[in-house]
Structures are given as structure tokens and as C-alpha cells.
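Worth knowing before you read on, the calculation uses all heavy atoms, side chains too, and leaves out hydrogens, waters and symmetry mates.
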Amino acid sequence: MSRRGPLKSAVPSNVVSPVRRCSRTACGRPAVATLTYVYADSTAVLGPLATYAEPHCYDLCAEHSERLTAPRGWDVVRLALDSGPARPSGDDLEALANAVREAARPQERAVQPGPQPGASGPGGREADPMEVARRGHLRVLRSPDN
């Protein structure tokens with residue numbers, strides 16, 4: 001019985017990169033824009049880098065996206081490119097904080113809070129005596145010292 005080591009790849013691992021590269025032949029620069037052709041309208045649309053690679057779109061580096069030209073009779077639509085990584089704005093953070101506050105707020109109930117004898121929760125489960133409110137998958141629990 002022979003012992004072999006782990007399988008070795010025929011392709012060195014430094015060839016595969018998590019950064020998307022320019023689709024132009026022999027260009028290895030990082031992509032910053034995505035080019036899409038709309039054949040029905042004879043239009044080439046150049047916009048920000050798409051969130052994932054599409055088979056019918058082309059990722060371009062900064063130099064190739066600036067020098068892009070379209071065939072005669074075609075229009076080029078250039079959408080604003082992102083100047084840097086997107087950062088959450090104050091509005092985004094405030095909206096997130098409001099959503100957390102809203103989820104923690106006890107819901108008004110027609111029935112008195114607390115478990116009723118023989119009461120069951122959603123899905124036919126026995127109600128939890130520590131549970132004050134529920135919103136989706138989040139639960140508000142009563143403090144153990146109360």
C-alpha cells in the first residue's frame with residue numbers, strides 16, 4: 001500500500017485572484033466598470049462594476065473604460081462610476097437603529113400579556129412564560145428577576 005501526499009494542482013494558486021480583472025486581451029489591471037451591449041437599441045452602456053460577473057458583460061479597467069468607443073451608428077451611455085468603496089451614510093445607520101428599536105418594542109396585544117392556561121404559541125408550541133413579545137424571528141424576553 002503506497003502513501004501519497006495531497007494532490008497538487010496543475011495551475012499555481014497565485015494565478016487565481018479574488019479581484020476581477022479587465023476583460024481586454026493581455027490586460028491584467030483590476031476592473032472598475034462593466035460594459036453591456038443593448039443590441040436592440042444599438043447602445044453600449046458603461047457603468048459601475050457589477051456586483052457579480054455576467055456572461056454577456058465585459059469588465060473593464062479605468063484606462064479601457066475611458067478609451068471606449070462604439071461602432072458607427074451606436075450610442076455610448078456612460079453612467080457615473082463609483083469613486084471608491086461605498087460607505088454607509090448616516091441615514092443608513094439611523095434606519096438600522098430605528099429598525100432595531102422597532103423590533104424591540106413590545107407589540108400591543110388584545111389579550112393580557114402572560115401565558116394563559118393551555119395556551120400555545122405559533123406553530124402549536126407551548127407559550128414561553130419568559131417571552132413578552134415576538135416580531136418575526138426576534139423575541140423580547142422578560143428579565144429573570146421580574
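By the side-chain hydrogen bond (donor to acceptor under 3.5 Å, both in side chains) test, Arg29 pairs with Glu63, sequence neighbours left out.
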Atom pairs and distances, side-chain donor-acceptor, residues 36-56, under 3.5 Å, sequence neighbours left out:
unit_1: Thr43; atom_1: OG1; unit_2: Asp41; atom_2: O; d: 2.9
unit_1: Tyr52; atom_1: OH; unit_2: Glu54; atom_2: OE2; d: 3.4

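Under the 4.5 Å side-chain criterion, counting only non-hydrogen atoms from C-beta, Pro30 is in contact with Arg21.
Remark: side-chain polar atoms of Arg20 are not paired, donor with acceptor, to backbone N or O of Leu60 under 3.5 angstrom. The backbone N or O of Asp59 lies less than 3.5 Å from a partner atom in the side chain of Ser23, making a donor-acceptor pair.
Other members of the cluster containing Val100 do not exist, because no ILVMFWY side chain is joined to it at under 4.5 Å.
Residues Arg78 and Ser65 approach most closely at NH1-O, 2.8 Å, considering heavy atoms.
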